[in-house]
Participant: 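Once you've had a glance at the structure underneath, I'll fire off some questions.
Each ligand, and each atom within it, is numbered from 1 in the order the structure gives. All heavy atoms count here, side chains included; hydrogens, waters and symmetry mates do not. FYI, the numbering just counts along the sequence from 1. Values in this document were obtained by computation on a predicted structure and should not be read as measured data.
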Amino acid sequence: MVIVMRNGATQEEIDSVVDRIQGVGLTAHLSQGVERAIIGVIGHGGDVRMVVDAVEAMPGVENLVPVTKPFKLSSREFHEQNSVVIVNGVEIGGDEVVVIGGPCSVESREQTLETAHAVRAAGGKLLRGGAYKPRTSPYSFRGMGVRGLEILAEAREATGLGIVTEVMSVAELPAVVEYADMLQIGTRNMQNYNLLEAVGKCPLPVLLKRGMSSTVEEWLLSAEYVMAQGNKKVVLCERGIRTFDTSARNTFDIVAIPLAKRLSHLPVIGDPSQATGNASLVHAAGLGAVGAGADGLIVEVHPDPARALSDAAQQLTFAQFEQLMTTVRAVAAAVGRGA
Ligand code: PEP
Ligand code: MN
């Protein structure tokens with residue numbers, strides 16, 4: 001942290017800022033320029049942040065300039081190499097672009113098994129499916145709960161595909177942990193800090209969706225919550241954000257993918273299904289994400305999208321998913337990756 005003093009700040013004001021910093025055990029480096037003084041603060045990020053508010057309000061202080069990022073464990077500054085997260089034997093963040101496919105919600109045994117087989121046949125590496133669904137309306141289908149998890153486990157048994165499924169609360173975490181291979185934290189829960197800390201204490205990898213109104217920095221700070229509890233197996237997922245433009249369900253912030261990868265060593269994937277809300281746009285958005293360097297995609301697939309109990313407009317048919325997989329491979333190859 002660098003403290004810039006006002007032009008004309010008195011020696012007394014400068015001294016009290018230096019005293020304040022040294023008083024909490026931090027080191028202050030004063031450089032006295034011709035017009036103004038600049039004070040460099042050296043110490044651990046957490047300690048520095050503790051005095052920030054106090055110092056900012058002190059007389060003679062013009063502004064504070066952060067030098068390091070507020071996130072540490074998720075930051076590339078402290079971990080240069082890309083992290084690889086392994087889910088049921090599948091590497092996310094390695095050489096290959098990993099596609100997770102499956103229905104928005106588990107609706108029945110037949111629907112889930114049929115989809116799992118189609119996803120696998122097309123080259124998908126993991127199966128998604130919600131048993132606990134966060135729905136905007138309390139009257140919508142909200143998932144099959146534990147029965148849904150049992151069906152997912154049966155689909156894993158039948159296809160070998162690992163299961164990615166959402167956990168919405170600390171209360172349901174033990175049940176989900178029993179069946180899942182990866183815990184999805186949905187967009188609505190990205191800032192549910194109790195839930196983030198609870199999954200941070202779990203052994204399973206976590207798929208952390210970006211909050212629909214969150215900045216990239218807030219998203220990485222949420223990853224920090226998980227990692228600070230010991231669980232370093234976090235994969236970030238850009239799934240579209242809310243903007244003024246409502247012509248698609250969300251605005252797919254494709255730039256957030258390379259940006260998050262630059263700021264963090266964690267793998268980053270894209271969710272073109274929630275991002276667009278429309279099956280006819282999923283293909284383009286998915287290829288864009290892979291072209292932008294995503295380590296994978298999570299895509300909704302349904303045997304009969306028109307009859308889906310959630311997100312009917314955005315789920316791909318098996319044929320559409322197969323087509324997507326074919327072009328994903330081509331784009332992945334063009335950016336030096338396999339798929
Ligand atoms: C989903 O994956 O079906 C879902 C609800 O995702 P999000 O939390 O990104 O809306
Ligand atoms: Mn969905």
Participant: With a cut-off of 4.0 Å, which atoms of ligand 1 are near a heavy atom of Gly186?
Facilitator: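 Answer, ordered by atom number: 8 (O).
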Participant: Just to verify, which of Val85, Leu196, Leu236, Ile185 counts as forming a side-chain contact (heavy atoms from CB on, under 4.5 Å) with Val206?
Facilitator: Ile185
Participant: If you draw a 6.0 Å radius around CD in Glu157, do more than 12 non-hydrogen atoms from other residues or ligands fall strictly inside?
Facilitator: no
Participant: OD2 (Asp311) to the Mn ion (ligand 2) to SG (Cys104): angle, nearest 10 degrees?
Facilitator: 90°
Participant: Do me a favour and list the nearest non-hydrogen protein atom to atom 1 (C) of ligand 1 with residue, atom name and distance?
Facilitator: Gln274 NE2, 3.3 Å
Participant: Would you say the side-chain atoms of Asn194 pair up with the backbone N or O of Val170, donor to acceptor, closer than 3.5 Å?
Facilitator: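 No; judged by distance alone, with no hydrogens or angles, the pair does not exist.
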Participant: Which is the closest N/O/S atom of Glu300 when seen from the Mn ion (ligand 2)?
Facilitator: OE2
Participant: Examine ligand 1 and decide if any of its atoms is less than 4.0 Å from a heavy atom belonging to Gly130.
Facilitator: no
Participant: Determine the sole option in Glu238, Glu300, Arg239 for which the side chain to side chain donor-acceptor pair (under 3.5 Å) test with Gln274 is passed.
Facilitator: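 By the side chain to side chain donor-acceptor pair (under 3.5 Å) criterion, Gln274 pairs with just one of Glu238, Glu300, Arg239: Glu300.
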Participant: Numbering the atoms of ligand 1 from 1, which are under 4.0 Å from a heavy atom of Glu300?
Facilitator: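 Per the distance check, 1 (C), 3 (O).
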Participant: Is there a donor-acceptor pair closer than 3.5 Å between any side-chain N or O of Arg128 and the backbone N or O of Cys104?
Facilitator: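 Judged by distance alone, yes, a pair lies under 3.5 Å.
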Participant: Can you find a non-hydrogen atom of Lys133 under 4.0 Å from ligand 1?
Facilitator: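 Flag set, Lys133 near ligand 1.
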Participant: Check this for me - ligand 1, Asp271, N or O atoms closer than 3.5 angstrom, yes or no?
Facilitator: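 Not met; the criterion fails.
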Participant: If hydrophobic clusters are built by linking Ile, Leu, Val, Met, Phe, Trp and Tyr wherever their side-chain heavy atoms come under 4.5 Å apart, do Ile92 and Leu207 end up in the same one?
Facilitator: yes
Participant: Would you mind running through ligand 1 and noting each atom that sits below 4.0 Å from a heavy atom of Cys104?
Facilitator: 3 (O)
Participant: Nearest protein heavy atom to atom 10 (O) of ligand 1, by residue and atom, and its distance?
Facilitator: Arg239 NH2, 2.8 Å
Participant: Who's the nearest protein heavy-atom neighbour of atom 2 (O) of ligand 1, and how far?
Facilitator: Arg128 NH1, 2.7 Å
Participant: Which protein non-hydrogen atom lies closest to atom 8 (O) of ligand 1, naming both residue and atom, and how far is it?
Facilitator: Thr187 N, 2.8 Å
Participant: Is the backbone N or O of Ser273 less than 3.5 Å from a side-chain atom of Asp271, with the two atoms forming a donor-acceptor pair by type?
Facilitator: yes
Participant: Around atom 7 (P) of ligand 1, find the nearest protein heavy atom and jot down its residue, atom name and distance.
Facilitator: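 That would be Lys209 NZ, 3.5 Å.
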Participant: Ignoring hydrogens and geometry, is there a side-chain-to-backbone donor-acceptor pair from Thr187 to Met212 under 3.5 Å?
Facilitator: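 Yes, because the side chain of Thr187 sits within donor-acceptor range (under 3.5 Å) of the backbone of Met212.
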Participant: Can a donor-acceptor pair be found, under 3.5 Å and without considering hydrogens, that links the side chain of Arg76 to the backbone of Leu263?
Facilitator: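 No; judged by distance alone, with no hydrogens or angles, the pair does not exist.
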